[in-house]
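Here is the structure we will look at.
When reading the values below, keep in mind they use all heavy atoms of this one structure, side chains included, and skip hydrogens, waters and symmetry mates. This structure is a prediction, so every number in the text was calculated from the model and none was measured.
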Amino acid sequence: MLVIAVLAVGTFLIRLAGPLLRGRVEVSDRADLLLKRGATVVLVALVATSALIVEGAWAGWALPAGVVVGGVLAWRKAPLALVVVAAAATTAGLRLLGVA
């Protein structure tokens, strides 16, 4: 229980440091660009591993297809509800057709 409390306080302090240090720490334009790109790379890696691997094994074709449909719709700036429903419907529909 103590470990969870320490992690919670640490997480809160890290999140609080951003607004408190915003005016005091100056980051170069290059560093800012690298940080933004780094965050994008981490998110893409998370999506890729979540879409391709489930419980340590290949997820099959239905899940990556649903992620691709959702990604294309999000890229085209479709409403979030449509993105989620279309991705889920694609995955469910393919699984219903036997494409695992």
Legend entry - Hydrophobic cluster membership, V72 vs W61, 4.5 Å side-chain cutoff: no
Legend entry - Exam field: side chain T49 to backbone L46, donor-acceptor pair closer than 3.5 Å: yes
Inset, instruction - Please name the pair of heavy atoms, one in A87 and one in G66, separated by the smallest distance, quoted to 0.1 Å. - result: CB-O, 3.2 Å
Inset, instruction - Check the hydrophobic clustering (I, L, V, M, F, W, Y; side-chain heavy atoms under 4.5 Å; chains of links allowed) and say if L94 and V84 are grouped together. - result: no
Inset, instruction - Count the heavy atoms of every other residue, nucleotide or ligand shown that sit under 6.0 Å from CD1 of I4, and state whether that count exceeds 12. - result: no
Inset, instruction - May I ask whether L20 and F12 are part of the same hydrophobic cluster, defined by side-chain heavy atoms of I, L, V, M, F, W, Y residues being less than 4.5 angstrom apart, directly or through others? - result: yes
Inset, instruction - Over all heavy atoms of both residues, which pair between L52 and W58 is shortest? Give the atoms and the distance, please. - result: O-CE3, 3.4 Å
Inset, instruction - Indicate, with yes or no, if V67 and L96 share a hydrophobic cluster defined by side-chain heavy-atom contacts under 4.5 Å among Ile, Leu, Val, Met, Phe, Trp and Tyr. - result: no
Inset, instruction - State, to 0.1 Å, how close A51 and A59 come at their nearest heavy-atom pair, and which atoms those are. - result: O-CB, 3.6 Å
Legend entry - Spacing of L35 atom CG and S28 atom OG [to the nearest 0.5 Å]: 8.5 Å
Legend entry - Spacing of R95 atom CZ and T91 atom OG1 [to the nearest 0.5 Å]: 6.0 Å
Inset, instruction - Could you tell me which residues satisfy side chain to side chain donor-acceptor pair (under 3.5 Å) with K77, sequence neighbours excluded, listed by chain and number? - result: none
Inset, instruction - Test T90 against every option in V85, L63, V69, V68 by the side chain to side chain contact (heavy atoms under 4.5 Å, CB included) rule and name the one that passes. - result: V69
Legend entry - Exercise: identify the closest heavy-atom pair between D32 and V27: N-CG1, 3.7 Å
Legend entry - Distance (rounded to the nearest 0.5 Å) between L7 CG and L2 CG: 9.5 Å
